[in-house]
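Residue numbers run from 1 in the order of the sequence given. Quick note: numbers below take in every heavy atom, side chains included, and nothing from hydrogens, waters or symmetry partners.
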Amino acid sequence: MARRAALVLTAALLASSALTACSTQGPASGPAPGPASGAKAGSGGRITMGFAQVGAESGWRTANTKSVQEAAKKAGIELKFSDAQQKQENQIKAIRTFIQQKVDVIAFSPVVESGWDTVLKEAKDAGIPVILTDRAVDTKDTSLYKTFLGSDFVKEGRSAGEWLTAAYANQQGPVNIVELQGTTGSAPANDRKAGFADVIRGDGRFRIVASQSGEFTRAKGKEVMQAFLKSQKDIDVLYAHNDDMALGAIQAIEESGRKPGTDIKVISVDGIKDAFVAMTEGKINVVVECNPLLGDQLMDLAKKVVAGESVPARVETQEGVFPQDKAAAALPSRKY
């Protein structure tokens, strides 16, 4: 009887050991490779997306957030949303929280271009695919994200420069330009500046006499423009990297006794309703569109990457250029 009891006890201990080994096997061998969350979606589970937004610095960003939230609801995707308040450290913290929560996919619009490799590798190691929206990152390892959905900011800058050179085709120089840049280090600020500069570089009439960040906000745009007006005797053109800065600058121009759109030509990027209203009033001369309504495209990409399907490395949004004479006709159809 004692021998039989000993055998039963040994068998129980072996079974317990086996169970313990099974429960620790996952962490011991590292995260599951590839889109582990795809199994959840494929088996009928609801996809969970972690979305780390830049902030709410502009009308464009507000429209972008609304588009993502509404599209997630329509697509049946559970959205965990974080507002970084324009701070990279807040976005990194949010992404790490999403990893801990074991979401199926992470999407975010990076505040700045650099400094993402470590946290993106953490997401990759956890088997969570990442989608970049609106803004890209500067990394040599493109395997850290699945795709980038957004605009070609260099193209937008070039479009602004091409409008300017056409507008001054029959005029003598010099043409003095002040530039309101976006958030320092951000992709749109870097690329819109580069694209614009590339176009005007070959024409000696055009000179950028002052260039400073207005942080993509209306208040800062006004503040910086006030400084430009005090420091620069002659300003012919304002090139603003977004509409909110342009609208703030317009206030400063008017308060200085000058007429925006006439005394100082105004070029802006984005295409929010307020900018189109300003164009109908003659205060902005041209708007280069940057479409914030990315929600539906983002949800479609999320479903594909979670399911393990291949997607293009870059998905570009369709946009246009709206000079002043087209503003009134286009205004009623603006959705943001």
Side-chain angles (χ1 to χ4, degrees), residues 18-55 68 72 75-150 185-187 294-295 297-315:
L19 286 170
T20 303
C22 289
S23 67
T24 59
Q25 186 175 359
S29 59
S37 55
K40 174 183 174 182
S43 61
R46 188 182 187 192
I47 293 174
T48 299
M49 171 188 286
F51 187 84
Q53 181 61 284
V54 171
V68 170
I77 291 176
E78 181 182 349
L79 188 69
K80 293 183 180 295
F81 184 87
S82 173
D83 181 338
Q85 299 178 330
Q86 292 185 276
K87 295 180 180 179
Q88 183 180 32
E89 58 266 31
N90 289 347
Q91 280 194 313
I92 291 174
K93 182 179 178 181
I95 292 169
R96 286 185 169 138
T97 297
F98 296 150
I99 294 170
Q100 292 171 358
Q101 293 172 337
K102 299 180 180 180
V103 300
D104 299 297
V105 58
I106 293 171
F108 77 111
S109 179
V111 175
V112 295
E113 286 189 290
S114 60
W116 300 102
D117 283 40
T118 299
V119 72
L120 291 182
K121 189 175 186 304
E122 291 170 16
K124 181 181 178 180
D125 290 345
I128 302 174
V130 173
I131 299 173
L132 304 177
T133 71
D134 171 44
R135 301 179 180 184
V137 297
D138 182 10
T139 179
K140 294 180 180 179
D141 186 359
T142 56
S143 72
L144 295 177
Y145 60 92
K146 293 293 184 181
T147 185
F148 164 62
L149 166 65
S186 69
L294 309 181
Q297 285 178 286
L298 174 59
M299 299 310 146
D300 181 59
L301 287 170
K303 289 179 179 179
K304 289 178 178 178
V305 299
V306 169
E309 297 179 27
S310 62
V311 295
R314 182 186 179 99
V315 179

About how many Å separate [atom2] of [Y] and [atom1] of [X], when rounded to the nearest 0.5 Å?
X	Y	atom1	atom2	value
Q100	I95	CD	CD1	12.5 Å
L301	T147	CG	OG1	5.5 Å
S109	I131	OG	CD1	13.0 Å
Q53	Q91	CD	CD	8.0 Å
K303	L298	NZ	CG	11.5 Å
D117	E122	CG	CD	11.0 Å

Mind checking whether [X] and [Y] have side chains closer than 4.5 Å, heavy atoms only?
X	Y	value
I106	I99	yes
V305	V105	yes
K102	T48	no
L144	W116	no
L149	L132	no

Taking only residues two or more places apart in sequence or in another chain, which ones pass side chain to side chain contact (heavy atoms under 4.5 Å, CB included) with Q101?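 Expected list: K80, T97, F98, V103.
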Candidate pair D141 and T139, rule side-chain hydrogen bond (donor to acceptor under 3.5 Å, both in side chains), full reasoning: CA-CA 5 Å; D141 186 359; T139 179; 5.9 Å; no
Which pair of heavy atoms, one from [X] and one from [Y], lies closest together, and at what distance?
X	Y	value
K124	S143	NZ-OG, 2.7 Å
T118	R96	CG2-NH2, 3.8 Å
P110	V137	CG-CG1, 3.7 Å
V68	M299	O-CE, 3.5 Å
D83	G55	OD1-CA, 3.0 Å
F148	T133	CE1-C, 4.3 Å

Output yes when K304 and D300 qualify as a salt bridge under the 4.0 Å nitrogen-oxygen rule, no when they do not.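 Between D300 and K304 there is a salt bridge, with a charged N closer than 4.0 Å to a carboxylate O.
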Between R135 and E113 (salt bridge meaning N to carboxylate O under 4.0 Å), is one present in this structure?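 So R135 does not pair with E113 through a salt bridge.
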What's the verdict on salt bridge (Lys or Arg N to Asp or Glu O under 4.0 Å) for K121 and D125, showing C-alpha distance, side-chain angles and the deciding distance? CA-CA 6 Å; K121 189 175 186 304; D125 290 345; 3.1 Å; yes
Stepwise, does the side chain to side chain contact (heavy atoms under 4.5 Å, CB included) test hold for V111 with K87? CA-CA 7 Å; V111 175; K87 295 180 180 179; 6.0 Å; no
